[in-house]
Amino acid sequence: KAGVTQTPRYLIKTRGQQVTLSCSPISGHRSVSWYQQTPGQGLQFLFEYFSETQRNKGNFPGRFSGRQFSNSRSEMNVSTLELGDSALYLCASSEGLARGGDTQYFGPGTRLTVL
Amino acid sequence: GNSVTQMEGPVTLSEEAFLTINCTYTATGYPSLFWYVQYPGEGLQLLLKATKADDKGSNKGFEATYRKETTSFHLEKGSVQVSDSAVYFCALNRGPNNAGNMLTFGGGTRLMVKP
């Protein structure tokens with residue numbers, strides 16, 4: 001099976017702009033989660049989508065939003081970009097059915113730079 | 001809330017040396033535990049996992065045992081290679097109310113193996 005894919009791989013934006021990142025999960029996986037990785041804060045959970053519904057949410061401001069489509073593909077949007085949003089954004093997919101947490105498989109990430 | 005603590009790096013070893021990276025966790029209930037590895041410029045790769053107490057995860061010579069009594073999941077390898085140089089992340093997965101996915105990561109440990 002093909003792995004998790006993320007597009008684009010690199011993005012450069014300026015403060016105040018908005019950005020949309022895309023993630024295609026492993027075929028058959030219904031859960032997609034997003035994580036932010038920065039040198040200062042490490043890896044932090046943003047949100048999880050399952051069957052087109054947000055199932056879990058981390059502690060990020062409302063500028064960070066997402067959605068999932070019927071084919072399980074997911075997009076993440078960040079509005080009114082700030083310098084501190086510069087990070088590697090990782091998408092992970094899993095079957096989504098296990099109690100207590102699935103095994104999540106990660107994509108290569110999108111490197112966002114905000115100038 | 002959930003948390004994961006792992007030893008800070010960098011850890012520098014000579015080729016064929018024994019590796020231990022300590023990881024302890026705090027969580028409600030019984031989360032699944034994981035080790036992920038990240039190579040420069042890449043996303044996270046699943047290295048191994050354990051889903052219940054006393055389970056041993058293993059892969060590519062790496063091992064870790066889920067110890068409920070000490071809330072630990074230490075990573076070990078008997079003989080490291082230069083190609084093992086990377087950053088290693090310990091993580092637990094437990095969604096709120098035991099529903100869905102929410103990975104909590106340790107801060108990462110950079111391993112450098114010298115020939």
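Labels below follow one simple rule: chain letters A, B, ... track the order of the sequence lines, proteins then strands, and each chain is numbered from 1.
- Within a 6.0 Å radius of CG in A:Asn59, no more than 12 heavy atoms belonging to other residues, nucleotides or ligands are found.
- Distance check, rounded to the nearest 0.5 Å: CZ of A:Arg55 to CE of B:Met102 gives 11.0 Å.
- The number of heavy atoms from other shown groups lying within 6.0 Å of CD (B:Glu16) does not exceed 12.
- Both A:Phe47 and A:Val78 are assigned to one and the same hydrophobic cluster, defined by single-linkage of ILVMFWY side chains at heavy-atom distances under 4.5 Å.
- Linking ILVMFWY side-chain heavy atoms closer than 4.5 Å, directly or via other members, places A:Leu112 and B:Leu44 in two distinct hydrophobic clusters.
- For residues 8-45 of chain A, the interface with chain B (any heavy-atom pair closer than 4.5 Å) comprises A:Arg9, A:Ser31, A:Ser33, A:Tyr35, A:Gln37, A:Leu43, A:Phe45, sorted by residue number.
- The number of heavy atoms from other shown groups lying within 6.0 Å of CD (A:Glu95) does not exceed 12.
- Linking Ile, Leu, Val, Met, Phe, Trp and Tyr whenever their side-chain heavy atoms come within less than 4.5 Å puts A:Leu46 and A:Leu81 in one cluster.
- Under the 4.5 Å side-chain heavy-atom criterion for ILVMFWY residues, no single connected hydrophobic cluster contains both A:Tyr89 and B:Phe105.
- In terms of non-hydrogen atom pairs under 4.5 Å with chain A, the most contact-rich of B:Gly108, B:Ala91, B:Gly107, B:Gly43 is B:Gly43.
- No part of B:Gln45 comes within reach of chain A, as not one of its non-hydrogen atoms sits under 4.5 angstrom from that chain.
- The nearest pair of heavy atoms linking B:Leu103 to A:Phe106 is CD1-CZ, 3.7 Å.
- For A:Glu48, the part lying near chain B is the side chain, with the backbone staying farther off; criterion is any non-hydrogen pair under 4.5 Å.
- Cluster annotation: B:Leu75 and B:Met112 are assigned to distinct hydrophobic clusters (Ile/Leu/Val/Met/Phe/Trp/Tyr, side-chain heavy-atom contacts under 4.5 Å, transitive).
- Inspection of non-hydrogen atoms places no residue of residues 60-69 of chain A under 4.5 Å from chain B.
- The structure places CG of B:Asn93 at 5.0 Å from CD of A:Gln104, a figure rounded to the nearest 0.5 Å.
- In terms of heavy atoms, B:Glu42 sits closest to A:Leu88 at O-CD2, 4.3 Å.
- Between B:Phe34 and A:Asp102, the closest heavy-atom pair is CZ-O, 3.3 Å.
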